[in-house]
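Worth knowing before you read on, the calculation uses all heavy atoms, side chains too, and leaves out hydrogens, waters and symmetry mates. For reference, positions follow the sequence shown, starting with 1. Everything numeric in this text was worked out from a predicted model, so none of it was measured.
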Amino acid sequence: MSRPSRRGLDFAGLWFPASMVVLLLMAMPAAAFLALHLFGREAILNGWLKDRFGVTYHLATPWWTGAALLLVPALLILLYFLKLKRKPMQVPSTFLWRKSIEDLHGNSLFQLLRDNVFLLLQLLIVLLLIYSVLSLQVHGNTSGGKFYIVLIDNSASMNVVDAGKSRLEQAKEAALREIDAHAEGDSGMAISFHSRAAILQPYTGERGLLRAAVAKIEPTQRATRIDEALQLAASLANPLRSTEDAAVRPENEDPAQARTYVAVEGIAAEVHLFSDGRFADASAFAAGNLDFHYHRIGAVEDDVDNIGLVALNATRDEQDAGNLSVFARVLNFRKESSTVKVEVEWRVPGKADFQLLEREITLPGRKLRPAGERRQDADVMESDEPGEGEAVFALNGVDDSVNVVIHARLRDVGDRFPLDDEAWLVVGVVRRARVLIVTSGNEVLRDFFDLDATKKVANVSYIAPSELLKDDRYAGPARNGSYDLIVFDRCAPEKADDLPLANTLFIGDVPPPYKRSSLPPLKERQIRNPTSNHPLMRHLTGLDEIAFSEAFRFDLTAPDVPARTPRLLETDRDSAVLFVLARGAFQDVVLAFPLVDVQGRWTTTWNLKLSFPIFLRNVLYQLGNVADAAAEENTQPGEMKTLRPAAAVQTLDVVAPDGKRETRTRGIAGDFSYNNTERTGVYEALWEGGSRRFAVNLLDPAESNIRPRDAVNIGDQRLTTGQLRQQTYDTWKWIALAALLLLVLEWAAYHRRLLF
């Protein structure tokens, strides 16, 4: 018998290691896909794969399942290395030697794996399971599909837990079902909204990108506003004007006779709104090309389990500023009346001692009547009246010169929306205006700014007009924003660059670079518009009785004058004697007639009127940024907070309730803007030489009403909750599990055969 050639034997022994190498190469892309997914680079890779090969992927299961599948091949190979357990048997010695030699060969690494078809089949099955989990999609050329938008509400009320899941989680699951139900050629957009709205994913045909965008939506503590989300959805569907129309429109067209030359073509789209409906109806919105579908999130129950603190404020005693009255308003959304304890604790930050008060109030039950409950009431709107109560606390000895933090909370209510069970209030937050008066002498101004009542809310200093050129007296502090308000009495800086970083009041002069009109001055004129809704004119009466000896003219129609300049006092149609010129972030108020002449004699009867000190007070409070209320206005989560330190600093730090510290730089208006107010609680602003606290609270009755709405109004449409997409079950998951079980059974049967 001829022996086979050496070359033939080598070729026959190469097929198994070659197959192992091929399987290894096939597994490497899957490992790379999983690694990039874990590091958040899935979208970039999908874009590259689609452009080059027309393929995308997304992990259809939790990341750990893919990692576990990648470990299975190594475990299979490891199982083949395990030694077999033998039963004791009496055999001839020659047989024992032969079996020992077989065991020696069978348990060696290369002999055990050599030409093992079972191992190759098992590894191939596992590899196919790995790629099935990656959900590869092949993108071919398709005809244009539909456009759709998913609007997902992630406001505070979406944190309520229904049937074991938060409403936000339910909304995300429903949105994913909607995305999966659309055809391959459809393009979708994802938008989340609360008090603001954001486009998470622009129109795309890749469902993996949409799914990833929806999965990343996080819960918030913000109130619900839908208007901005609707405008974003309508931006492409209902464009205001087409580019073709603008191209053919005449240059000097009369606005009164304007018409459309080329019709606007938008993109028709379905809008799927996933929300509990706790937002104000958008009656003024025009849907246009948008087809809305409302998917109510949350279970509608007869009894809504929530009691909420919806208002918290304080007032000071006018006779004794140390006495404070705190008012807490509470709403009961349960059907039955409830007795609740309201607790108020207050302390000075940095001190360990605190004081505590408690009130018990009884709240009536909620009165709810659905819309059109009876046939004869078909046109009757829904009536919803929660039970209401108020707790009043009298706090004594509260110093108005330091920050005092008041913490109000509802005790042991045990409802489903704990976010509205507590609120904070910071009192003792008087902010004094920094005022500079540039005058050569004016007793009328001194009579007001030197009052004790004025000194409580303002630090006032005086300089002469000749000191405007001195860097230490005016120029330096003016450039650094050291003042909130500067009054120029019958004088003005030489050039526009010398204007301060502050609001101003010019009396008998104009700010540079403006000039007085060359026309003759106004004399013996009567005020024609004695009423104005401008904040500076609030509570002013008898203005038509004002007389003045002489006022200069100013052309408000000049090209360099800001458009729509507010005219606060006018003598006729073209002559304003009190107006406001905008200067970037600042305001320059101009009074065209002086209060006194060079000898100090009065030149106007306004000095005698009760409206004049009220006007100066409005100027001080509005332009000087005075804050002397018992407590600051409530800031809701997500709202911008404007901070005005009592010193001219360039930076300040804000410490959030969780201890996170951020640095802010002063804006052009001399103040600081802080927009990271995402969580309720007390924040602290720190700057060199001072600090100030402020509170962020929900305090929103609409958000505390956690009962989902069956219908919402968008434009002229009344949208009732539609049937959600039926749950789609991924059968491949069960197939993968069955395949793994078969692998285990196959391995056990194979080795059982070896044993017996």
Side-chain angles (χ1 to χ4, degrees), residues 314-318 320-322 324 348-349 398-405 425-439 442 445-463 473-474 476-489 500-505 535-536 538 585-587 589 613-633 635 641-652 654 664 666-667 669-674 683-695:
T315 60
R316 288 193 180 275
D317 190 339
E318 295 182 359
D320 187 351
L324 201 68
V348 176
V398 181
D399 191 353
D400 63 349
S401 63
V402 296
N403 286 171
V404 176
V405 177
L425 199 64
V426 179
V427 299
V429 291
V430 175
R431 182 194 182 277
R432 295 185 177 184
R434 298 164 297 173
V435 181
L436 175 67
I437 299 178
V438 185
T439 180
N442 191 326
L445 293 178
R446 283 190 172 273
D447 288 343
F448 174 81
F449 285 100
D450 290 348
L451 287 172
D452 291 338
T454 304
K455 291 180 179 179
K456 290 182 179 180
V457 296
N459 296 320
V460 184
S461 56
Y462 297 85
I463 64 172
R473 296 291 289 165
Y474 171 77
R479 285 193 297 265
N480 294 332
S482 299
Y483 298 105
D484 299 299
L485 170 64
I486 297 183
V487 179
F488 293 94
D489 179 32
L501 294 178
N503 297 316
T504 63
L505 170 62
L536 294 177
R538 189 176 300 164
F586 304 104
Q587 299 181 72
V589 180
I614 298 177
F615 169 72
L616 290 181
R617 184 184 185 278
N618 290 344
V619 170
L620 176 62
Y621 274 68
Q622 294 293 325
L623 303 185
N625 302 314
V626 172
D628 68 340
E632 291 193 21
E633 294 184 359
T635 300
K641 179 65 178 179
T642 300
L643 302 170
R644 295 185 175 91
V649 295
Q650 298 298 322
T651 62
L652 60 73
V654 180
R664 289 290 186 270
R666 188 178 69 176
D671 53 21
F672 298 81
S673 296
Y674 181 74
Y683 295 70
E684 184 177 15
L686 304 169
W687 61 87
E688 185 178 355
S691 66
R692 188 171 184 174
R693 288 172 173 82
F694 63 94

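In this structure, CZ in Arg473 is found 6.0 Å from CD1 in Ile463, a value given to the nearest 0.5 Å. Atom OG of Ser691 sits about 6.5 Å away from atom CG of Asn403, to the nearest 0.5 Å. Note that CG of Leu324 is 8.0 Å distant from CG of Leu425, once rounded to the nearest 0.5 Å.
A side-chain donor-acceptor contact under 3.5 Å links Thr454 to the backbone of Phe448. Proximity of a side-chain donor or acceptor of Arg479 to a complementary backbone N or O of Leu501 within less than 3.5 Å is not detected. Without hydrogens or angle criteria, Asn459 side chain to Arg434 main chain gives no donor-acceptor distance under 3.5 Å.
Using a 4.5 Å heavy-atom threshold, the side chains of Lys455 and Val460 count as separate. By the 4.5 Å heavy-atom criterion applied to side chains, Phe586 and Pro500 are not counted as neighbours. Two residues are said to be in side-chain contact when any heavy atoms from C-beta on lie closer than 4.5 Å; Gln622 and Gln587 fail this criterion.
Exactly one of Val487, Asn503, Thr504, Leu623 qualifies for a side chain to side chain contact (heavy atoms under 4.5 Å, CB included) with Val589. That residue is Leu623. When each of Arg664, Arg644, Arg666 is checked for a salt bridge (charged side-chain N to carboxylate O under 4.0 Å, His left out) with Asp671, only Arg644 meets the rule.
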### Message
Using side-chain contact (heavy atoms from CB on, under 4.5 Å), reason through Leu643 and Val654 one step at a time and then give a plain yes or no.
### Response
CA-CA 10 Å; Leu643 302 170; Val654 180; 3.9 Å; yes
### Task
Walk me through it: do Ile486 and Tyr474 pass the test side-chain contact (heavy atoms from CB on, under 4.5 Å)?
CA-CA 10 Å; Ile486 297 183; Tyr474 171 77; 4.0 Å; yes
### Task
In sequence, state the C-alpha distance, the side-chain angles, and the governing distance for Tyr462 and Asn442, and then conclude on side chain to side chain donor-acceptor pair (under 3.5 Å).
CA-CA 11 Å; Tyr462 297 85; Asn442 191 326; over 6 Å; no
### Task
Kindly indicate, with the supporting measurements, whether the criterion side-chain contact (heavy atoms from CB on, under 4.5 Å) is fulfilled by Leu536 and Val619.
CA-CA 6 Å; Leu536 294 177; Val619 170; 4.1 Å; yes
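Between Leu620 and Leu485, the shortest heavy-atom distance links the atoms CA-CD2, 4.2 Å. Pairing each heavy atom of Leu686 with each of Glu684, the nearest pair is CD2-OE2, 3.2 Å. Of all heavy-atom pairs between Gly624 and Ala433, the closest is O-CB, 3.2 Å. Here the closest non-hydrogen pair linking Arg538 and Asn618 is O-ND2, 2.9 Å. Shown here for Asn480 and Gln650, the closest heavy-atom pair between the two residues is O-NE2, 4.3 Å. Considering every non-hydrogen atom in both Arg693 and Val405, the closest pair reads CD-CG2, 4.0 Å.
Cation-pi check for Arg617 over Tyr621 is met; the charged atom lies under 6.0 angstrom from the ring centroid and within 45 degrees of its normal.
Ring geometry for Phe694 against Tyr674 counts as perpendicular: the plane angle is over 60°, on a 0 to 90° scale with 30° as the lower cut.
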